[in-house]
Amino acid sequence: MFNFEFNAFSIIQILLQAIIVLFSLTVHEVAHGYAAYKLGDPTARNFGRLTLNPLKHLDPMGAICMLLFRFGWAKPVPINTRYFKKPKRDMALSAAAGPLSNLIMALIAYIISAYIWYFNESGGYHFGWTLYGELIIRTSAGTWLYLLNYFFDTFFILNISLAVFNLIPIPPLDGSRVLYVLLPDHAYFGVMKYERHIQIALFVCLWLGLLDGVLNTVVNAFEMLFRFVTHLLPLL
């Protein structure tokens with residue numbers, strides 16, 4: 001029997017979460033830049049943003065928000081709409097590429113986690129939490145299954161949250177770029193004049209948890225959709 005102190009396992013959790021956050025934010029931003037590049041805008045490539053090096057994309061405040069609140073952002077990829085044939089449409093497509101990449105990664109992680117649970121039950125492995133906060137895992141195989149399941153489950157939650165949060169139509173989030181397609185230019189740039197004030201209001205809402213209800217409802221809706229898709233797969 002393997003006994004892990006809760007505090008020790010918390011360190012593992014934090015490390016895994018940090019790795020997931022860095023990877024997810026990086027892929028998110030590369031997806032923006034690559035979509036823009038394919039639509040004719042080389043700006044992200046010229047600035048060295050088409051790279052999986054997380055240091056090129058990291059926004060410290062956005063990463064901290066990801067770890068604390070499950071919702072955050074990275075340093076926005078520079079996009080120059082003058083390169084686009086249809087600026088509004090191509091801006092929306094470039095903006096949507098980031099959240100779409102997170103939805104795809106979340107679905108893959110959800111499917112892997114479901115298979116891990118399946119093999120855990122069919123293989124007779126058991127893991128869980130005791131009343132006193134100690135992690136009890138029986139057999140070394142069960143240990144690895146638990147850690148793998150925790151990793152992919154956390155990967156799913158953080159990526160689905162990142163996708164949903166970034167679709168909110170306020171700066172600096174991707175939804176504000178999608179909003180550019182829907183509003184007349186004068187209205188859009190009128191809103192953007194207050195970008196700094198809107199960002200401060202966003203931080204306050206995150207801190208107070210005012211957005212939790214709406215965001216969690218959308219996240220849960222995606223989880224139900226993913227569960228339906230996963231049940232169509234063999235064995236599950």
Side-chain angles (χ1 to χ4, degrees), residues 10-39 41-81 91-109 150-180 192 195-207 209 211-212 215 219:
S10 295
I11 296 175
I12 298 176
Q13 289 178 309
I14 293 171
L15 289 175
L16 289 178
Q17 289 176 13
I19 292 171
I20 294 168
V21 165
L22 288 176
F23 180 78
S24 301
L25 290 175
T26 297
V27 173
H28 179 102
E29 291 305 318
V30 170
H32 282 315
Y34 184 74
Y37 175 70
K38 297 300 289 185
L39 291 168
D41 177 20
T43 307
R45 184 196 64 180
N46 294 341
F47 277 83
R49 297 295 300 276
L50 296 186
T51 174
L52 292 177
N53 179 0
L55 297 180
K56 293 287 187 177
H57 309 286
L58 185 63
D59 182 305
M61 181 61 69
I64 291 173
C65 285
M66 276 287 292
L67 290 172
L68 294 179
F69 309 114
R70 296 191 323 187
F71 304 107
W73 58 90
K75 186 191 306 180
V77 164
I79 293 178
N80 190 336
T81 58
M91 171 63 84
L93 292 174
S94 299
L100 179 60
S101 71
N102 295 118
L103 288 175
I104 293 172
M105 289 190 292
L107 177 58
I108 294 172
Y150 175 81
F151 177 83
F152 285 108
D153 189 54
T154 304
F155 198 98
F156 159 74
I157 290 295
L158 290 178
N159 271 276
I160 198 71
S161 300
L162 183 62
V164 170
F165 180 69
N166 273 274
L167 287 174
I168 296 177
I170 58 177
L173 306 177
D174 299 325
S176 65
R177 294 180 176 180
V178 176
L179 190 65
Y180 176 57
M192 290 303 105
E195 180 175 354
R196 180 57 59 182
H197 299 86
I198 295 173
Q199 288 182 14
I200 294 174
L202 175 64
F203 294 147
V204 172
C205 288
L206 280 175
W207 182 259
L211 299 176
D212 289 355
L215 294 175
V219 167

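Asn102 places a side-chain heavy atom less than 4.5 Å from the side chain of Ser24. Contact annotation: the side chain of Leu211 approaches that of Leu202 to within less than 4.5 Å [non-hydrogen atoms, C-beta and beyond]. Residues Arg49 and Glu29 meet the side-chain proximity criterion, which asks for heavy atoms closer than 4.5 Å.
Leu167 CG to Leu173 CG: the interatomic distance, rounded to the nearest 0.5 Å, is 9.0 Å. Taken from CD1 in Ile108 to CG in Asn159, the straight-line distance is 9.5 Å, to the nearest 0.5 Å. Annotation: the span from Leu158 atom CG to Phe156 atom CZ amounts to 10.5 Å, rounded to 0.5 Å. Rounded to the nearest 0.5 angstrom, Cys205 SG and Ile168 CD1 are separated by 9.0 Å. Expressed to the nearest 0.5 Å, how far CG of Leu58 lies from CG of Asn53 amounts to 10.0 Å.
Ala44 and Gly33 make their closest contact through CB-CA, 3.7 Å (heavy atoms, listed as atom of the first residue, atom of the second, distance). Closest approach of Asn80 and Thr43 over heavy atoms only: CB-OG1, 3.5 Å. Across all their heavy atoms, Lys75 and Asp59 have their closest contact at N-CB, 3.6 Å. Scanning both residues, Ala36 and Ser94, for their nearest heavy atoms gives CA-OG, 3.4 Å. Asn166 approaches Pro99 most closely through the heavy-atom pair CB-CG, 4.4 Å. The two residues Val30 and Thr51 make their nearest non-hydrogen contact at CG2-O, 3.1 Å.
With sequence neighbours excluded, the residues forming a side-chain contact (heavy atoms from CB on, under 4.5 Å) with Phe151 are Leu16, Ile20, Phe155, listed by chain and number. By the ring pair (Phe, Tyr, Trp, His ring centres under 6.0 Å) test, His28 is found to be paired with His32, residues two or more places apart in sequence or in another chain being considered. Evaluation of the side-chain contact (heavy atoms from CB on, under 4.5 Å) rule for Thr81 yields Phe84, Pro87, Met91 as partners, not counting sequence neighbours.
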